[in-house]
Number of protein chains: 2
Amino acid sequence: MAQSIDRRAARTRKALQGALIALITRKGYEAVTVQDIIDEADVGRSTFYAHYTGKDDLLRKSFEQLRALLVDEQRDSADQVRSKDALLFSRAVFEHACEYRHAYRALVGSRGGVVAANELRRIIGDAVRKELSPRLGASTVPPDVVVQFVVGTFLTVLSSSLRRRPAMPPAEMEKVFRQLALRGIGWLIE
Amino acid sequence: MAQSIDRRAARTRKALQGALIALITRKGYEAVTVQDIIDEADVGRSTFYAHYTGKDDLLRKSFEQLRALLVDEQRDSADQVRSKDALLFSRAVFEHACEYRHAYRALVGSRGGVVAANELRRIIGDAVRKELSPRLGASTVPPDVVVQFVVGTFLTVLSSSLRRRPAMPPAEMEKVFRQLALRGIGWLIE
DNA sequence: TGAAAGCCGAACACTATGTTCAGTATCTTA
DNA sequence: TAAGATACTGAACATAGTGTTCGGCTTTCA
């Protein structure tokens, strides 16, 4: 079974990632220090730096899980490429976000959120590009701008939704997202 | 003429804001320290803190200029509320951005860019809300999400455009922005 | 079971932040 | 134009976080 990682190392990493998420939901990414993390995870300082180069690195690597999820999702639904159901990658992420609701809310929008947001941008950007690039006819709008637009819309809907009370279910998020991304707001202005 | 500010204070602030912009374009917001700023501006450390609470504060206050611009712009064009020309506030900002092109590019997208981006978000959000709120009929999409969507789209177009070579003229930016915001991407997918 | 890999934790050097204060320069206005 | 108010200087200090190093201990793997 492929070179499995040392059990201790795995434990440590899981502890650190868990600690980070816990701390983020508790006080926001910005306010979290490396010291907090290793205290919470009960791990030595030098150990931390043996695994990650810093706070940001830890955060970025904690997104691996999500990326894997997305790749799967996209592979599974690769065959049903109907014209009507574009952008269906979004569902998986919305669900992931609702599961880690508190952490996401603390991340998206806050200052350190940029690191997270950028990571999400990359991950989602890849998904969008893969799905969209073969379907974009010639247009005045450059393709990369289109991709960025879709990603931006996605993140907007995500963070707006997470802020709302009562919580918006993933299905609703997806609907709003697709309406905005596909049709803009022209149709709902009088 | 209203209580004009002390000439020395004005000088100092201008120097600090100028220094910040210069440094941002030179090495990016993140890398700039307070020490850098006061060296560049040739101002005492304590003086800096007498005016601003820190780097972020200085950045935020440096956007005052832009806000004033936008408010003017919007007042001027308040009468021509035709249905066809929505979102025309954008032009002024795109032009401002092209003027401070280098600074904007260093800001939007970089990590510290969040502070700037958030500030831009607030400023533009106000403008959008003012223009849009009376024109939004009942809809499944919550109004504040709509506003955030428009703002997000704006920022996406802005940063994508600034990254492009050769430079995209403000008029072009505006066109792309309005197409995406008003009509989404449904129409350009086959 | 023994070598390899991982972990501990204290100590250290470094960088940046934000405050304080006594002395000096500049402005305002009467 | 002089006096009082206001602003600036610059060095010293306290605080806080970062990232590295290293000798000694523990766990894992084969």
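The model shown is predicted, which means the values in this text are computed figures rather than measured ones. Every chain is numbered from 1 and lettered A, B, ... according to where its sequence line falls, protein lines coming before strand lines.
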Would you indicate which nucleotide in [options] comes nearest to any side-chain atom of [X]?
X        : options                   : answer
Arg45(B) : dT21(D), dA12(D), dT18(D) : dA12(D)
Tyr49(B) : dT17(C), dG9(C), dC8(D)   : dT17(C)
Val43(B) : dA7(D), dG9(C), dT9(D)    : dT9(D)

Should the pair [X]-[Y] be classified as a salt bridge under the 4.0 Å nitrogen-to-oxygen rule?
X         : Y         : result
Lys27(B)  : Asp36(B)  : yes
Lys61(A)  : Glu119(A) : no
Arg163(B) : Asp144(A) : no

Sugar-phosphate, base or nothing in reach of [X], heavy atoms under 4.0 Å:
X        : value
Thr33(B) : sugar-phosphate
Asp36(A) : nothing
Arg8(A)  : base

How many Å lie between [atom1] on [X] and [atom2] on [N], as a whole number?
X        : N       : atom1 : atom2 : answer
Tyr52(A) : dT20(D) : OH    : P     : 16 Å
Gln35(A) : dT20(D) : CD    : C1'   : 15 Å
His51(A) : dC8(C)  : NE2   : P     : 9 Å
Phe48(B) : dG10(D) : CZ    : P     : 16 Å
Lys55(B) : dA16(C) : NZ    : C1'   : 10 Å
Arg7(B)  : dA7(D)  : CZ    : C1'   : 13 Å
Ile38(A) : dC7(C)  : CD1   : C1'   : 12 Å
Asp6(A)  : dT27(D) : CG    : P     : 12 Å

Will you find, in the side chains of Tyr29(B) and Asp56(B), an N or O donor that is under 3.5 Å from an N or O acceptor?
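Note: Tyr29(B) and Asp56(B) side chains meet the donor-acceptor criterion.
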Between Arg13(A) and Val34(B), just flag the one whose closest nucleotide in DNA chain C comes earlier from the 5' side.
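That would be Arg13(A).
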Side chain to side chain contact (heavy atoms under 4.5 Å, CB included) between Leu59(B) and Ile24(B): does it pass, once the steps are laid out?
CA-CA 10 Å; Leu59(B) 181 62; Ile24(B) 284 174; 4.2 Å; yes
Phosphate oxygens OP1/OP2 of dC8(C): is one of them under 4.0 Å from a side-chain N or O of Thr47(A)?
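The answer is yes; a side-chain N or O of Thr47(A) sits under 4.0 Å from OP1 or OP2.
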It should be established whether Thr12(A) places a side-chain nitrogen or oxygen under 4.0 Å from OP1 or OP2 of nucleotide dG6(C).
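Indeed not, no polar side-chain atom of Thr12(A) lies that close.
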